[in-house]
Amino acid sequence: MNTRRGLLALSPLFLLIVFIVMFTVYSVDKTDDQPNLSLTVAFMLSSIYAIIISGGIPVRQRIDMFSRGAGSANLMLMLWIYVLAGAFAASAKGMGSIDATVNVALNYLPASMIMPGLFLAACFISTSIGTSVGTVVALVPIAAGIAHTTGSNVALMTAVIVGGAYFGDNLSFISDTTVAATQSQGCKMSDKFRVNFLIVLPAAILVFIIYAFMGQGVKSPAHVPAVDFVKVIPYLVVLITAICGINVLAVLTIGIILCGVIGICEGDYGLIGWFANMGDGVLGMGELVIIAMMAGGMLEIIRANGGIDFIIEKITAHVRGKRGAELSIAGLVSLVNICTANNTVAILTVGSISKKISEEYHLDNRKVASILDTFSCCVQGLIPYGVQLLLAAGLSKSNPMSIITYLYYPAAIGIAALLAIFLRYPKKYS
């Protein structure tokens, strides 16, 4: 593929980035009397542009191509998670479950340890259940509730959870990214875990210290209500069933039913009130659903026009030495992740190519698997249209860009992985 055609294929993504930067700058400088700009507009305009530039085929076929991406099986699964997560969060809030869980944290944790405590909880839960999405669903509403109660920054508290969620996404034995990385490189999960853990542990410790330092400014409210433990049950059941490995859709359905039963029995709302709360929660996810579908359609057009193949071709053409080989693998999975907004898909896309590069330059397959997993999680955590960030923004009623400002962990593991490449660390696997 020639450079001109390759850049044209990627141009919708460049346009999207320009819009996102424009909207972010506008949001920072805007006054209260100026209108809000929605990211939906950025994705809509970029999607229209992507359809326009896909020349050579009838418009109807271009729209069909876009629709295939917008309605792919993986994306539909995520949209179902959005819908059920919105219904669960709203029904839990309506019957007081979030407030009760927040009161547990405020009663039993010193105010200064709430922020690092949430980070550790997210790390533990995400490692246990192997999914960042499940962790975000379970903990973001609690973190947002704590932020409102203590007068803290909601985006910061949300970022603490999202960062911890990527800890397990990167390291868990049952994470999709771990399975994809180890299978594509032909190494054991336990071996990949050892290498990966050595690379990201310093980053995790550093981020924990940062949150502990920042948490010194968190103040306990003057009066913390007594804990109504019955109303904590939905969140406990959601966490336990998720840790047991039950499908996230089933977990959320169980949580919704529990909220309804307890809320009605406790007199927090009637049957109609429960339905109304669920409806409000689903409607609150509407913008995220639209963004996710337009992103899926636009990225499918980029893939069909050869944008991803162009990236792979250009990066692999300039590999020199072991460091260069490892950097090319890191660059490949990062750029493909930007184009697909799915870290597992990115690993699967470049896995076989990375294996060939690894064999040609005699790289350690355990470290290559770690590089694939770590850089994909780093990028996934820093793109504003990633599933996890959009879901967290919807649950906390925040702007994705405001959350990214405080997302230290994904950035930290990216830096740690780069240092591991340049410093040939860990030595045994380099």
Quick one: are the ring centres of Tyr408 and Tyr211 less than 6.0 Å apart?
yes
Any side-chain heavy atom of Leu299 sitting closer than 4.5 Å to one from Arg303?
no
Heavy-atom side-chain contact between Ile254 and Val237 under 4.5 Å
yes
According to the ring pair (Phe, Tyr, Trp, His ring centres under 6.0 Å) rule, which pairs have a member within residues 247-267, sequence neighbours left out?
none
Using the ring of each side chain (for Trp, its six-membered ring), is Phe167 parallel, tilted or perpendicular to Tyr409, with breaks at 30° and 60°?
tilted
Step by step, work out the side chain to side chain contact (heavy atoms under 4.5 Å, CB included) result for Tyr166 and Leu407.
CA-CA 10 Å; Tyr166 280 107; Leu407 265 177; 5.5 Å; no
Could you walk me through whether Val232 and Ser97 pass the side chain to side chain contact (heavy atoms under 4.5 Å, CB included) test, one step at a time?
CA-CA 5 Å; Val232 179; Ser97 183; 5.9 Å; no
Taking the side chain from Thr135 and the backbone from Ala165, do they hold a donor-acceptor pair closer than 3.5 Å?
no
Judged by atom type as modelled, is there a donor-acceptor pair below 3.5 Å linking the side chain of Asn247 to the main-chain atoms of Leu249?
yes
Testing the 3.5 Å rule here: is there a donor-acceptor pair between the side chains of Ser132 and Asp169?
yes
For residues 272-294, dump all side-chain donor-acceptor pairs below 3.5 Å to protein atoms at least two apart in sequence or in another chain.
unit_1: Asn277; atom_1: ND2; unit_2: Gly273; atom_2: O; d: 2.7
unit_1: Glu287; atom_1: OE2; unit_2: Ser38; atom_2: OG; d: 2.1
unit_1: Glu287; atom_1: OE2; unit_2: Thr40; atom_2: OG1; d: 3.0

Interatomic distance, CG@Leu395 vs CG@Leu390, rounded to 0.5 Å, equals 11.0 Å
Ser54 versus Asn305, side-chain donor and acceptor atoms under 3.5 Å:
yes
Evaluation steps, side chain to side chain contact (heavy atoms under 4.5 Å, CB included), between Val333 and Asn337
CA-CA 6 Å; Val333 75; Asn337 204 133; 5.5 Å; no
Stepwise side chain to side chain contact (heavy atoms under 4.5 Å, CB included) test for Ile146 and Ser152
CA-CA 8 Å; Ile146 290 175; Ser152 303; 6.0 Å; no
Check this for me: does any side-chain nitrogen of one of Asp268 and Lys231 sit under 4.0 Å from a carboxylate oxygen of the other?
yes
For the side-chain hydrogen bond (donor to acceptor under 3.5 Å, both in side chains) test, which of Thr182, Asn365, Asp373 pairs with Lys192?
Asp373
One thing to verify: whether Arg68 and Asp64 come together as a salt bridge, which I'm taking to mean a side-chain N less than 4.0 angstrom from a carboxylate O.
no
